[in-house]
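Working notes, structure below.
Values below: all heavy atoms of this structure, side chains included; hydrogens, waters and symmetry mates excluded. Here is the naming used below: chain letters follow the sequence lines, and residue numbers restart at 1 for every chain.
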Amino acid sequence: MFTRRIFLRNSALAMVGSGAAPLWLERALYAADSPSPRKKILVAIFQRGAADGLNIVVPHGEKAYYDLRPTIAVPRPSSGAGREADAAIDLDGFFGLHPSLGPLQPLFAQGHLAVVDAAGSPDPTRSHFDAQDYMESGTPGVKATASGWMNRALPAEQGKLSPVRAVSLGPVLPRSLRGGQPAIAVESLGEFRVRNPQAAGEFERLYAQTDVPELEACGRETFEAVSLLQVIGKQPYAPSGGALYPRGRFGESLRQIAQLIKSDVGLEMAFADIGGWDHHVNELGQRASEGPLANVLREYGQALAAFWRDLGDRMADVALVTMSEFGRTAHENGDRGTDHGHANCMFVLGGGIRGGRVYGRWPGLRKEQLYEGRDLALTTDFRDVLGELVARHLGNPTLGPVFPGYEPKFLGLT
Amino acid sequence: MRVRALAGLLSAVCAVLFSTAPAFGRKHGADPYARFRTELSGDQKIRHALNRLTFGARPGDEARIRSTGLKKWIDLQLHPARIAENPSLEARLRALDTLAMSSEELVRNYPTPQIVRLMASGQLPYPADPDRRMMVRRLAERFTRTQAQGNSAAGPAQPAMAALLTPEQIRALGSGPPLQRLAAFEEMPREKQDSVIEALPGGLRQQLFDIAPPELRRRIEMSFGPQQVVTRDLVEGKLLRAVYGERQLEEVLTDFWYNHFNVFLYKGADQYLVTAYERDAIRPHVLGKFRDLLEATAKNPAMLYYLDNWQSVAPAPAGARPARRGLNENYGRELLELHTLGVDGGYTQKDVTEVARCFTGWTIRQPERGGAFWFNPRAHDGGEKTVLGVQIAAGGGVDDGEKVLDILADHPSTAHFISRKLAQRFVADNPPPALVDRMARTFLKTGGDLREVMKTMFGSREFWSAGAYRSKVKTPLEIAAGAVRAMGGEVDYAFNLANLVGQLGEPLYRKQEPTGYSNSGKDWLNSAGLLARMNFALQLAANRVPGVKVKAADQAGIELGSPEFEMH
């Protein structure tokens, strides 16, 4: 890693020598040598499609859970029924992880991973589209909010900022990152460029000459980000610590976020999403470790664990938080699946996170304890979790504009 | 040391650049609207009219306007029925048969897997048209086969290529000149063709699609899943009209008003409802009365579904069955905030609730089957309401909603909100307030006659000024359609072009938020978007957009991706 950084710096210094080095790059290059603390980084993961929190963080100590889900409950950890590999992995004697989340268990045990249960958006909607929109805008029930919570949470800074301060991995900029502060969507670090190098030079010249200031500025920002990401994208990247990212888009997204973080180029906010959670039918296979939920959880758990391992000490600067638009019905439906519900679980992972605990008040699963008689009730607003990370991890104490009309109550995660 | 000095110099340069550019556009003295008093030259006016009333100038358009006369050309654009439509466009649109169907016909002829199952089990009749009936039957059989194999999660089972064709046949399909490959396919009997389409791997299927004549293309699309044909036709139709339509202003306005009354195509049943919504509720009214447009959207199943009004029922009396759904304020709120008064239009949360009460019972019969609007008196809140200070007496039934629409359509805040939005789209991101006021006065004086409001705008000094000229960044749709028009390109099919519009940041009919896309050009400026625009320009000019052909020209890619082409 040391050599890689040197190489990166040399490439960048070559740009400085040619007069092409942007100011922030110079700053970023020297930041590592200066005594000033490195920037904190927040990574948000969106599980699109409403993940079934009750089968992800399994309340195995709750009898009602097994009554409500006769065919798709995850077995108790020490049930002795069937194979160990198909039972919940115990966390604290009451909750357990789905068996496909094995790679996350050590992170919980070592106190780096926190779980917040019965969390989510208080809005009653069960529409994927509305609920995702509300969660990403950070304003449940208010549709007209133009920007996303992550964009508003970027700490105010003076002067020239890194062009890769806020990055989403994927083809479009998600709602969470949209807004007044520059944020970019990158499908692949190496592919963020004008595809024809000769044309690239011509475009750069034309945008530098235009008399429309905004086009000129946007062009400059773009070509800065392009040169930077080209430098990074060209490095052969080998994850550290023997980290193995799973195949597929999500693992690839986290791998590239790790690469950006380790390149020290001014990343502060990153976003990635993972779909495939809407399990109305046959959620689990014949065993809990099989079927569509098990498959997507395996990818999800492996990717998070690889990210942790890959970043190593750098996780001290990083907090990663996961969310999904709402949970699923407490009872199973007629097709061995679950329908759209209410509260869910969130994961928070990071070097500075007080993990090893399941946060949030457990509301219970008895009929009268359920939300509208059918779903896990909500006891923690998702903005409590995000607000604490913005304020205490990123160090941006002004939460008013981030979550207008709401005052987050911190859980003590950091 | 050298590095630091250079950095200092750079930052000084940046500071100068930013200090001279406080707002979008160029700075001119103390009056921010001074440039809206500088008149354009005659040639500039023609170019400006083409920039704003069309999806971009084609070669020869300027000369055509010069010979017609600018005034007369604008007057014609304001009366689209007087313009003969391009016959080649009409022929292309006829091939997209879903565009003319009712929502119910769409569900029946291009069914989802669920509807196919209902047909297979005899709960719904198959389509009447024999060809379609055959295609849907084939689908039903595939589903039955799949179910028998107990592998429903993986979708319809596909027969393997190797079981259908000899290795020579597979080779002939996958290599050689296009016409030869097409011939190899067409040699097979029809039954076999259909099986092969289903079995082709994605890449080969796309290759066959690229060389297929329209009828075969349709069958390939059906094999992707019939419901996809509906959404493909929608975007296809939109792009073809933008590129080839002679009634350009009507197209631009249909885009504007659909966006104003935005509906997200992929919210459940809306997939089948949007076709009729745009065709019957939006397009006929874009130069008509605002009140008619408003009512058409309010009663359209697409809107009722999108903003949940179809599920909104009167609050249950105290002590009644607790399971009953209640009032849903979603439509009521957006109607006030986004469709009429504007967020600062002077209404309260109480007004939102009262409006929502008025619209209880405005619902849809069987939305998943393409059902139509109906008023359900049992869901309606029969009590008295007060909306914006106006009392609506108890027992009004369906008329409650109508009264709300009357109040809103006549409201000065609506006149102002709509006028400003039009001026923002057609004149400048930050339009001069004096112009907006004049447009709002026309709106109120004419009972919301949108053609008259447009006339006031097109007759204004501000519209024809240096402040407006080339002041706006194009939308992705304007970039894509405009580039094809500028190159005199030929569109065989537009689906890939439409996908590129999505990659540029404007997925057509797929804006989730009811706000629609921004009408302010500068909102389209961001790094990823700019890069995507440059790459799109190069791709189009190099003839690498499937379905679209342009004449090769030196430097065309650079010109289409230049700052010059970004603005209009």
* **Minimum side-chain heavy-atom gap B/L341-B/F417 below 4.5 Å** =>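 Side chain of B/L341 against side chain of B/F417, heavy atoms only: no contact under 4.5 Å found.
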
Between [X] and chain A, with a heavy-atom cut-off of 4.5 Å, which part of the residue counts as in contact: side chain, backbone, both or neither?
{"X": "B/E564", "answer": "neither"}
{"X": "B/T515", "answer": "side chain"}
{"X": "B/I558", "answer": "both"}
{"X": "B/Y266", "answer": "neither"}
{"X": "B/P514", "answer": "side chain"}

* Tell me, which pairs form a side chain to side chain donor-acceptor pair (under 3.5 Å) where one or both residues lie in residues 529-542 of chain B, sequence neighbours left out? ->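 For residues 529-542 of chain B, and leaving out neighbouring residues, the side chain to side chain donor-acceptor pair (under 3.5 Å) pairs sorted by first residue read B/R533-B/E566.
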
* Name the region of A/V186, side chain, backbone, both or neither, that has any atom closer than 4.5 Å to a heavy atom of chain B. => neither

* Mind checking whether A/H128 and A/F326 have parallel, tilted or perpendicular rings, split at 30° and 60°? ->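 Geometry flag for A/F326 against A/H128: parallel rings.
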
* Which of parallel (below 30°), tilted (30 to 60°) and perpendicular (above 60°) describes A/Y371 and A/H342? -> parallel

* Among all residues two or more places apart in sequence or in another chain, which pass the side chain to side chain donor-acceptor pair (under 3.5 Å) test with A/N333? -> A/D339

* Asked: Are B/S518 and B/S520 close enough, and set up right, to give a side chain to side chain donor-acceptor pair (under 3.5 Å), and what steps lead you there?
  -> CA-CA 5 Å; B/S518 173; B/S520 176; 4.7 Å; no

* Asked: Who wins among B/N330, B/D308, B/V343 for the most heavy-atom pairs under 4.5 Å with chain A?
  -> B/N330

